[in-house]
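Scroll down for the structure; my scribbles are underneath it.
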Amino acid sequence: MSASMKVIGGGPKKVLYTLNTARKIGLLNSAKALNAKNACKACGLGMGGQRGGMTNELDEFPSVCNKSIQAQSTDIQAPIPAEVFAHTLDEFRALSARELETLGRLGQPVYKAAGENRYKIVDWDWAIDHAAEGLAKLSPERSFFYSSGRSSNEAGFVLQLMARLYGTNNISNCSYYCHQATGEALANTVGTGTATVELDDIAHCDLFFLIGANPASNHPRLLHKLIGLRRRGGTVVVINPLREAGLVQFAAPKMISSLIKGGDEVASIYLQPKIGSDIALFTAIAKAVIEKGGTAQRFIREHASGYAEFERYVQAQSWQDLLDRCGIAKEDVLRVADVYIQSQNAIFAWGMGMTHHQHGVDNIEWISNLALMRGMVGKLNAGLLPLRGHSNVQGIGTIGVKPVLPSEVFSRIEKTFKVTLPNGKGMHTLESLERAHDGDIDAAFIMGGNLYEASPDSKWAAKALDNIGLKIFLTTTLNRGHVTGVDAGESLIFPVCARDEEPEPTTQESMFNYVRLSDGGIERIASLRSEVAVLADIADKLLRGCPINFSEFKHHQNVRQAIAKVVPGMEDLADIDVAKQEFYVSGRLKHLPEFHTQDGRAHFVVPQQLGVDLESTRLFTMMTIRSEGQFNSIIYEESDSYRGVDNRWTVLLNQQDALELGVGEGATVDICSDYGEMRGLEVKLFNLPRGCVAAYYPEANVLSSRLTDPRSHTPQFKSIAVSVASANTRQH
């Protein structure tokens, strides 16, 4: 590709895209939504709250990106006309994900009876009664409750409390499909499940490892920080099988100088390992650091355990075997080791390219090992940074939307509310669907998100959901999860307020452990109700005789006071709506080497393998990817501007692989795995290692398996064995 044709992330086109999107939804509406004191609805990087809608916790303005605008675009829609619901489920399923999302907002509850093929609008009171009566008839242990990360802390707390008092610990959230591996690994190594850095630390580090993530598309405002790091002489090491344009060069819309000069370099060093080979690469980097005498011996001696075994393991590995596995040249590994040894303050950040493997926990433990080798945890301007997707996925976990509560939280809830909670083993997300597929789940309560399209093995997932007799959804707009896997049983959908529409303030937690207060208060559709109000009304009718008066939780301040009493570190939540004082969750590992492990020390971990070798006769390894025009499973645009892709039914192929397959750019191929197939995908030649291919999530979930990491139970969306053949041959 010539220099004149080079794709650069960000830039004037993104400014124009943002402006055009704002025009579509109305400039006045956009300005009102973005300037209101509400946390951003997009990624967990966080902005907004009491400092203002386009300001982050460092008082930087404007902190806004096209993801923020996209998230607003579907919220600022008129209600879906009642006539639309005269159409059948098949007609709804014929629409694309984007078309479903842009039908409009849900304004009234809708209901589909068992065996019927249409939704119909129903009365609010009837819907509340029907949900409560339906759950009351069923065994709690044959149900599960699920929340996305876009809901508030208040709604999440009421959801999990209602579920436990109903009688089940089958409570999970979307993190089991994203960063659960992070939580498991960091708990093992440093005693926390969250970031050990604050946003300001990025402004003062000298080295930033960006691993298995594409923030140019998914967390665009992070690129501003990385450009700042490069400009002050720091280094950015990108580790990603795909050479992403936005990670090579990015024109930050916030930085006029960056726009004028056509963008800044982001990656100082760009390594492209084979898909799933990261542990071999991390081991090679560790081996080089050890051989060059670059370890932080004092830190290791005073604050860590297990290093001797770790060093023996690393030294025993063959250089050639490590390099063959990852496909990276030794001189590049040594170069990374050198810049790491020279670094005074390094931050390691990663995304789902690390967690979506059967060895996802191992991956993160190895990242932790690398950081601990040089004492880069529990230190100012250095540390570990999982890049969270949903804007409150971390908060949802903090307040207890998970199968197992920390023992202290469990006992505090029982003591505070004078209740007895179930102590049986709760099921994680995929386990709940597996039970449903076996016919052992009668009810699912799903708050936000798109559980169907977030799940692996799409045909299997649809069947599992269809086996559930009663499904209750809380949502703002329709998605495929509301029209797929709903044929047989009942489905009841409650329309709820978006964050900035909440009648009372709510709170959210960013990936930096920072809790924001969102004012809400914008009324767009008068018939909508708060998530908390819907949950409280159902709980009141479902849990008759319960010591807790759930109707009191309709006042969000009462929910926050309850959270402050039972969740350590959230004490300042009690009066946040009065004090207007946002805060960092207390007691978490950040700038001091005080590790919350049993022995108070950080732990080096030596996994038993260098990753998982795919046992398959298929020749390629596929990773699922997301486009510039989407956020999680929400599709805002069919094209992917940074990769030069016009439609999502596309596969990215290495040029040499394409030559050997006898296909060129724009040709069509079929992809098959042991679990499904995709036919007629358009070929896009791309810079990625040989033997590796990439296709878009969630469409490519039909190829993914239900094989998971044994510790985090996260599916392997990023390492799927597939075969690729020209569509003309139809041979697999």
Side-chain angles (χ1 to χ4, degrees), residues 39 44-51 56-59 149 152-154 156-157 160-161 175 179 182-183 186-187 189-202 204 303 347 377-386 388 391-402 404-413 415-416 505-518 556-602:
L45 190 67
M47 68 173 198
Q50 294 305 295
R51 285 178 165 86
N56 64 22
E57 60 260 46
L58 302 180
D59 289 318
S152 65
N153 291 325
E154 292 77 5
F157 185 79
Q160 66 89 20
L161 190 60
S175 70
H179 268 291
T182 290
L186 296 189
T189 57
V190 297
T192 185
T194 63
T196 71
V197 298
E198 297 177 2
L199 180 60
D200 190 49
D201 291 323
I202 304 176
H204 303 286
H303 300 294
I347 291 175
V377 187
K379 178 182 180 182
L380 188 66
N381 304 325
L384 301 164
L385 176 59
R388 305 279 181 176
S391 56
N392 194 41
V393 65
Q394 188 161 300
I396 286 292
T398 295
I399 53 78
V401 184
K402 49 192 174 185
V404 180
L405 288 173
S407 57
E408 186 176 7
V409 175
F410 186 96
S411 61
R412 283 187 181 187
I413 289 177
K415 182 178 179 180
T416 299
T506 61
T507 57
Q508 295 77 34
E509 181 186 341
S510 79
M511 69 172 74
F512 297 103
N513 307 294
Y514 189 74
V515 177
R516 287 184 172 81
L517 177 69
S518 294
H556 296 174
Q557 185 183 43
N558 293 335
V559 185
R560 288 190 288 273
Q561 289 173 347
I563 296 171
K565 288 178 182 177
V566 304
V567 181
M570 296 290 275
E571 292 81 5
D572 289 341
L573 205 65
D575 64 351
I576 191 173
D577 58 321
V578 177
K580 304 292 184 182
Q581 187 65 50
E582 299 171 323
F583 62 94
Y584 287 98
V585 179
S586 63
R588 291 188 174 166
L589 168 65
K590 282 194 286 189
H591 298 145
L592 295 173
E594 299 170 347
F595 301 102
H596 304 307
T597 55
Q598 207 165 30
D599 60 3
R601 299 173 71 84

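Every heavy atom of this structure was used, including side-chain atoms; hydrogens, water molecules and symmetry mates were not.
- Shortest non-hydrogen contact noted between Leu186 and Thr192 is CB-O, 2.8 Å.
- Applying the 6.0 Å contact sphere to NZ of Lys580 captures more than 12 heavy atoms from other residues, nucleotides or ligands.
- Donor-acceptor pairing under 3.5 Å is lacking for the side chains of Gln508 and Arg516.
- Of the N and O atoms on the side chains of His556 and Asp577, not one donor lies less than 3.5 Å from an acceptor on the other residue.
- Shown here for Thr182 and Pro386, the closest heavy-atom pair between the two residues is CG2-CB, 3.7 Å.
- Heavy-atom minimum distance, Leu199 versus Phe512: N-CD2, 3.4 Å.
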Q: Could you please spell out the steps behind the side chain to side chain contact (heavy atoms under 4.5 Å, CB included) verdict for Val585 and Val515?
A: CA-CA 7 Å; Val585 179; Val515 177; 3.7 Å; yes
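- For Gln581, the side chain to side chain contact (heavy atoms under 4.5 Å, CB included) partners are Ala579, not counting sequence neighbours.
- Judged purely by atom type and a 3.5 angstrom limit, His596 uses its side chain to pair as donor or acceptor with the backbone of Gly587.
- Under the side-chain hydrogen bond (donor to acceptor under 3.5 Å, both in side chains) criterion, Ser175 pairs with Asn173, Gln180, not counting sequence neighbours.
- Counting heavy atoms from C-beta on, the side chains of Arg388 and Ser510 never come closer than 4.5 Å.
- Sorted by first and then second residue, the salt bridge (Lys or Arg N to Asp or Glu O under 4.0 Å) pairs involving residues 506-515 (not counting sequence neighbours) are Glu509-Arg588.
- Val567 and Ile399 get closest at one heavy-atom pair: CG2-CA, 4.3 Å.
- Under the 4.0 Å criterion applied to side-chain N and carboxylate O atoms, Arg560 and Glu154 are assigned as salt-bridge partners.
- With contacts defined as side-chain heavy-atom distances shorter than 4.5 Å, the pair Lys379/Leu592 does not qualify.
- Of the N and O atoms on the side chains of Asn513 and Gln394, at least one donor lies less than 3.5 Å from an acceptor on the other residue.
- Here the side chains of Leu384 and Val197 are not in contact, with every heavy-atom distance at 4.5 Å or above.
- When atom types are taken as modelled, the side chain of Ser518 and the backbone of Ala39 share a donor-acceptor pair closer than 3.5 angstrom.
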